[in-house]
Enquirer: 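Once you've had a glance at the structure underneath, I'll fire off some questions.
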Amino acid sequence: MDDRRREIRGGFVLVEGGRILAVGPPEDLPVDWRRGNDDERLDLSGHVVLPGLVNTHHHMFQSLTRALPAAQDADLFGWLRTLYPVWSRLSPEMIRLSTRTAMAELLLSGCTTTSDHLYLFPNGARLDDQIEAAAEMGMRFHAARGAMSVGESGGGLPPDALVENEDAILRDTERVIDRFHDPARFAMLRIAVAPCSPFSVSRELMRDAALLARQKGVGLHTHLAENDDDVRFSRERFGMTPAEYAAELGWVGPDVWHAHCVKLDAPGMRRLGAAGTGAAHCPCSNMRLGSGIAPVRRMRAAGMRVGLGVDGSASNDSGHLLGEARQAMLLARVQHDPADGAMMTARDALEIATRGGAAALNRDDIGVLAPGMAADVVAFPTGDAFSAGAEADPLGALMFCQPRMVGLNMVNGRVLVRDGALVHGNMAEWLRRHRAAAITLMSGG
């Protein structure tokens, strides 16, 4: 995924600390490394090596409420109304457990950088709980401080018990930015300002959130134009389309990325694209909730920077990022109009999952295997039963064959997955506690 889109057979990636020093074919390996030295060499023959995948939208707390029967066949608004009362019982420990579990799933599926949109904080939960758990996992993390401020009594969708006071939201958002945000290149932790959606926050909070983000130099994230109900709400409540609403309140630009954008109209795409606004494409969630197919080709043609998101673990109900890239490719082919040109290729989908995600998060240091970039490297094994017969194009097989787990995942030069297993932490114990918490949460105990 470098600027020349090279595909190097038998090549090498030379890493020192958290940076890539060199990438190339075997004959370009520095002489001292050919002769051997004391540093570690990882033999990845039989693997496809890629830049780490980038996840631009998630709700990790939802890993505790997957496949809830009452919500399995609902559309977006019905699904939310069913789950809001369950989520109102979340605890700080549940936030920590769900973060570790969701990040483990992402790491094992090839992700090295992830965003998460945590927008409810019941029972004393804080964004700090998630950030502490994320630090244990070692992923590169964009923590989006979400919020809901308009409950049912004010014409919003969430129950009043789950919304926060807007002044308190802004104060706490400023607090977490000041405490945690790292603006430096190669940062492992960044904070974004992220009111949840037009149907759960006020116009004033959207405006003030954008002002705060620009003052602090951080990103902006929200849901936009997710389905027909979302668009209808925006027209009835604000008298404008979601894109018009976003533009009026300052929610366009390279520091903004919107989740979904399924129902953006052509003028909206042009407006957001002209400003270099990002989008998190979440194909599995959009299908699961019957929301529709995001116009990814047209968004990219309009100048929008499109990455992938697995979205919430209760609306996907998976967090397998390589699988999400495959689904993005296949869904684009379902939507394909021959008048638009060629169908989305395997390499297009992988580009969206790597370089595209980096651009959506407004980063220039990840998503590419090239000298001077972050040492975020993943390797997928080939030659198993799921890709047998695909020897002609191992890279294409990652998209066309059954998605698999990584053999290796390195973040910032640190190996987090080796031989297909997490290196650090007791995953069996995490999952045991996660299962117990999910049962407690869903039973109301």
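Because the structure is a prediction, the values reported are computed rather than measured.
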Enquirer: Quick one: are T113 and N55 in side-chain contact, heavy atoms under 4.5 Å?
Expert: no
Enquirer: Looking only at side chains, do S98 and T101 share a donor and an acceptor under 3.5 Å apart?
Expert: no
Enquirer: Between D311 and S285, does any side-chain donor sit less than 3.5 Å from a side-chain acceptor?
Expert: yes
Enquirer: Taking 4.0 angstrom as the limit, do E324 and R288 come out as a salt bridge?
Expert: no
Enquirer: With a 4.5 Å limit on heavy-atom distance, are the side chains of V310 and H57 in contact?
Expert: no
Enquirer: Any donor-acceptor pair under 3.5 Å linking the side chain of H320 with the backbone of R404?
Expert: yes
Enquirer: For atom CD of E16, is the number of surrounding heavy atoms from other residues, nucleotides or ligands below 6.0 Å larger than 12?
Expert: no
Enquirer: Do S63 and H434 pair up side chain to side chain, a donor and an acceptor below 3.5 Å, judged on atom types alone?
Expert: yes
Enquirer: Does this structure show an ion pair linking D172 with R145, if we count only N-O contacts that are shorter than 4.0 Å?
Expert: yes
Enquirer: Does the plane of the ring in H142 sit parallel, tilted or perpendicular to the ring in W257? Use 30° and 60° as the thresholds.
Expert: perpendicular
Enquirer: Closer than 4.0 angstrom, basic N to acidic O: yes or no for R190 and D182?
Expert: no
Enquirer: Could you tell me whether D365 and R19 have a side-chain N and a carboxylate O separated by less than 4.0 Å?
Expert: no
Enquirer: In this structure, is the centre-to-centre distance between the rings of H117 and H221 below 6.0 Å?
Expert: yes
Enquirer: With a 6.0 Å cut-off (strictly less than), is the heavy-atom count around CG of N426, excluding the residue itself, greater than 12?
Expert: yes
Enquirer: List in chain and number order the residues that pass side-chain hydrogen bond (donor to acceptor under 3.5 Å, both in side chains) with D208, two or more places apart in sequence or in another chain; answer none if no residue qualifies.
Expert: none
Enquirer: Check this for me, if you would: do K263 and E226 make a salt bridge, where the nitrogen-to-carboxylate-oxygen distance has to be below 4.0 angstrom?
Expert: no
Enquirer: Once side-chain hydrogen bond (donor to acceptor under 3.5 Å, both in side chains) is applied, do any residues pair with E136, and if so which ones, sequence neighbours excluded?
Expert: R100
Enquirer: Verify whether one side chain among S45 and D43 offers a donor that lies under 3.5 Å from an acceptor in the other.
Expert: yes
Enquirer: Under 3.5 Å, is there a donor on one side chain and an acceptor on the other for D116 and H59?
Expert: no
Enquirer: When you measure from the centre of the six-membered ring of F121, is the NZ or CZ of R126 under 6.0 Å away and within 45° of the axis?
Expert: no
